[in-house]
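For the numbers below, each heavy atom of this structure counts, side chains included, while hydrogens, waters and symmetry mates do not. Chain A is the first sequence line, chain B the second, and so forth, proteins listed ahead of strands; every chain is numbered from 1.
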Number of protein chains: 2
Amino acid sequence: MAITEYFIRYLQRRDSLSEADLQRLRALKTEQASYGPGDVIVPFDRTESRSCMMLRGLSARSHKLVGRPDDRVITALHVPGDFVDLHGFVLAGLEHAVIAVGSAEVEFIGHDQLTEITENFPHLTRLLWMATLIDAAVHRQWLVAAASLRSSAHLAHLLCEIYTRLNVVGAAANGQFSLPLLQRELADILGYSPIHVNRAVRDLRDRGLLRWSGADVTILDWRGLATLARFDATYLDLERRNR
Amino acid sequence: MAITEYFIRYLQRRDSLSEADLQRLRALKTEQASYGPGDVIVPFDRTESRSCMMLRGLSARSHKLVGRPDDRVITALHVPGDFVDLHGFVLAGLEHAVIAVGSAEVEFIGHDQLTEITENFPHLTRLLWMATLIDAAVHRQWLVAAASLRSSAHLAHLLCEIYTRLNVVGAAANGQFSLPLLQRELADILGYSPIHVNRAVRDLRDRGLLRWSGADVTILDWRGLATLARFDATYLDLERRNR
DNA sequence: CGGCAAATTGACACATCTCAAAGCCTGTGG
DNA sequence: CCACAGGCTTTGAGATGTGTCAATTTGCCG
């Protein structure tokens, strides 16, 4: 069972891979698994011995709140090609759970293989490190968005980012993509109430920026959406360079 | 000029360092520099060839907003021992500036030395990686706080975190620490207006949770403050383990 | 057709922002 | 030692953004 080609595209968009790096990646032993909407992919647990990568669909990092079992906060979304909980390999474990958004497929990679890569493949190690740092840059951008954008613009920013990330790995084009997020889940991501998310969605529709029915989103006016969101993709680090 | 002992304490709190690792760290060639309040330590620039570590004081990651030159958002605070822009080594550069909060001293480390570490010191490499991942966990926690806490509790969470991080490296004790942040800067961190920050500070004072005058903060009721903020230090990954 | 979950809408309460003004501290020059 | 200036902090009042609750509509699936 070979590692997803999405991840290789993700890396090749940012650096070139040597033949040895490519072979090492393709030789990874993985286990595949499928999940339905809301299923827990990686439980909140600090003893996991493998990390997972998205193959198909979306996943989210879901934080429980102490003393409020009904509420949760989603701090990240992951698209195909993302190495979702790579950080669980270096840290003592996860401080949150990873759940499926819509139906999803993932591949698990044992931490022993990652340790081996850090011992023998320094360049590949830096690229894995890079992947976790891009996640961190996304976190920072979400903080910037949360602090500086009102609801519609904040939602618009999320949509610009997700579309761009899907587009990078070839999972979306022509402004169209599938976003199987409930408005309740969007609320957990943006930090608003579900009702307010609804108003933001309607606002973007009323402005003629997009069409959105069920899970199908079509961006009608990219320029307008990106301007409203003050979106600038620099933080996704899409330059190709030696690392 | 030797690397800061703070960083070694930071690492030793989370893993044990071999004699070889310690020697490599202490042999790092560094350049030291001092800054006054508000000075730019690392400009917004994608061509920096060295990374900096906090020696004394605080620094912040400051994001400019497109089209709003007067506003900015601060997405991270760094205390002594933090390897502030280590991620600039692996990424194409920074998407933000690093500025001094109060007066500060830092040490710069050339990226060539970091590359050399990734080639020859896999365990040390994983620890550097870990440091950047703890920063990412802090970002996530800030997102959780922003989405789930109201102003006073949100401010309380920041104070609990900064005190804990200062305490870990031995830069604060007995609930007392120096926080040379203007209320305007606190506003840029929390995503509130300076006026609202002021009301939050007053609220914490009125509840008898802390004393705060100028840059001097004394936490009078840690339990109360942590409860209000729903603070749980797990995300700072303070367990000692092999990585 | 019926039933359920999600999406949508309206009305009102609460949180936070903005603008304006007053009070406080500190450094400087007389 | 005092007077002053400037920046920061503090306070007040009204405008805007967002949350909550309740009800209705929509869309999917049995």
Side-chain angles (χ1 to χ4, degrees), chain A residues 36-39 65 68 70-74 101-103 143 145-159 178-207 210-217 228-229, chain B residues 36-39 65 68 70-74 101-103 143 145-159 178-207 210-217 228-229:
Chain A
D39 286 355
L65 301 179
R68 279 192 285 175
D70 295 341
D71 291 344
R72 62 176 186 178
V73 177
I74 290 174
V101 170
S103 69
L143 283 165
S148 68
L149 302 177
R150 313 279 91 180
S151 50
S152 304
H154 193 175
L155 173 59
H157 191 279
L158 179 70
L159 296 173
S178 167
L179 192 67
L181 279 168
L182 304 179
Q183 292 189 355
R184 170 166 45 81
E185 293 170 322
L186 273 170
D188 293 337
I189 292 170
L190 298 171
Y192 296 116
S193 65
I195 287 104
H196 209 66
V197 167
N198 186 282
R199 291 191 263 249
V201 171
R202 176 158 57 103
D203 184 47
L204 296 184
R205 256 200 295 252
D206 289 351
R207 294 180 193 230
L210 47 76
R211 235 176 338 206
W212 189 336
S213 100
D216 300 320
V217 179
L228 176 65
Chain B
D39 286 354
L65 301 179
R68 279 192 284 175
D70 295 342
D71 291 345
R72 62 175 186 179
V73 177
I74 290 174
V101 170
S103 68
L143 283 165
S148 68
L149 302 176
R150 313 278 91 179
S151 50
S152 305
H154 192 175
L155 173 59
H157 191 280
L158 179 70
L159 296 173
S178 167
L179 192 67
L181 278 169
L182 303 180
Q183 292 189 354
R184 168 166 45 82
E185 293 170 322
L186 273 171
D188 293 335
I189 292 170
L190 299 171
Y192 297 116
S193 64
I195 287 107
H196 209 65
V197 167
N198 185 281
R199 291 192 258 253
V201 171
R202 176 159 56 105
D203 184 46
L204 296 184
R205 257 200 295 251
D206 289 351
R207 294 178 192 232
L210 46 76
R211 236 176 338 206
W212 189 335
S213 98
D216 299 320
V217 179
L228 176 65

- Can you list the residues that meet the side-chain contact (heavy atoms from CB on, under 4.5 Å) rule with B:P194, with sequence neighbours excluded? B:A187
- Query: How bent is the helix from C:dC1-D:dG30 to C:dG30-D:dC1, comparing axes over its five end pairs at each side, to the nearest 10°?
  - Reply: 30°
- Hits for side-chain contact (heavy atoms from CB on, under 4.5 Å) against B:L182, two or more places apart or cross-chain, chain-then-number order -> B:R184, B:E185
- Query: For the residue pair A:L149 and A:A229, what are the closest heavy atoms and their distance?
  - Reply: CD1-O, 3.7 Å
- Query: Taking all non-hydrogen atoms of both residues, which atom of A:L65 and which atom of B:S148 are closest, and how far apart?
  - Reply: CD1-CB, 3.7 Å
- Message: Let me spell it out: for each of A:H196 and B:R199, pick the nucleotide of DNA chain D with the closest heavy atom. Which residue's pick is nearer the 5' end?
- Response: B:R199
- Go through the structure and list residues passing salt bridge (Lys or Arg N to Asp or Glu O under 4.0 Å) with A:D216, not counting sequence neighbours. none
- Message: Please give me every residue in residues 183-194 of chain B whose heavy atoms get under 4.0 Å of an atom in DNA chain D, ordered by residue number.
- Response: B:Q183, B:R184
Just the atom pairs and distances: protein N or O near nucleotides 24-26 of chain C's N or O, under 3.5 Å.
none

- Spacing between B:D216 atom CG and D:dT9 atom P, to the nearest angstrom: 14 Å
- Heavy atoms only: give me the nearest A:A147-B:G191 pair and the separation to one decimal. CB-CA, 3.9 Å
- Query: Taking only side-chain nitrogens and oxygens of A:R202, does any of them come within less than 4.0 Å of OP1 or OP2 of C:dT9?
  - Reply: yes
- In residues 146-154 of chain B, what residues come within less than 4.0 Å of DNA chain C, judged by heavy atoms? B:R150, B:S151
- Message: Distance check, rounded to the nearest 0.5 Å: B:R68 atom CZ versus B:D70 atom CG?
- Response: 10.0 Å
- Note on the structure: The side chain to side chain donor-acceptor pair (under 3.5 Å) partners of B:S151 (sequence neighbours excluded) come to B:H196
- Closest heavy-atom pair, A:A215 versus A:P180, reported as atoms and distance to 0.1 Å, is CB-CA, 3.8 Å
- So, is A:N198 near the phosphate of C:dA7, with a side-chain N or O under 4.0 Å from OP1 or OP2? no
- Message: Within the 4.0 Å limit for protein heavy atoms, which parts of nucleotides 21-30 of chain D are touched? Write it as a string from 5' to 3', B for base, S for sugar-phosphate only, - for none.
- Response: B---------
- Member of A:L158, A:I74, A:L159 meeting the side-chain contact (heavy atoms from CB on, under 4.5 Å) criterion with A:L186: A:L158
- A:L182 CG to C:dC4 P, straight-line distance once rounded to whole Å: 18 Å
- For B:V201, all residues meeting side-chain contact (heavy atoms from CB on, under 4.5 Å), sequence neighbours excluded: B:L155, B:Q183, B:V197, B:R205, B:W212
- Message: The criterion is side chain to side chain donor-acceptor pair (under 3.5 Å); which residues satisfy it with A:R207, sequence neighbours excluded?
- Response: A:D203
- Task: Check side-chain contact (heavy atoms from CB on, under 4.5 Å) between A:A146 and all other residues, then give those that pass, not counting sequence neighbours.
- Result: A:H154
- Would you mind reading off the distance between A:W212 atom CH2 and C:dT8 atom C1', rounded to a whole angstrom? 14 Å
- Can you name the nearest heavy-atom pair linking A:A153 to A:L228, along with the distance? CB-O, 3.4 Å
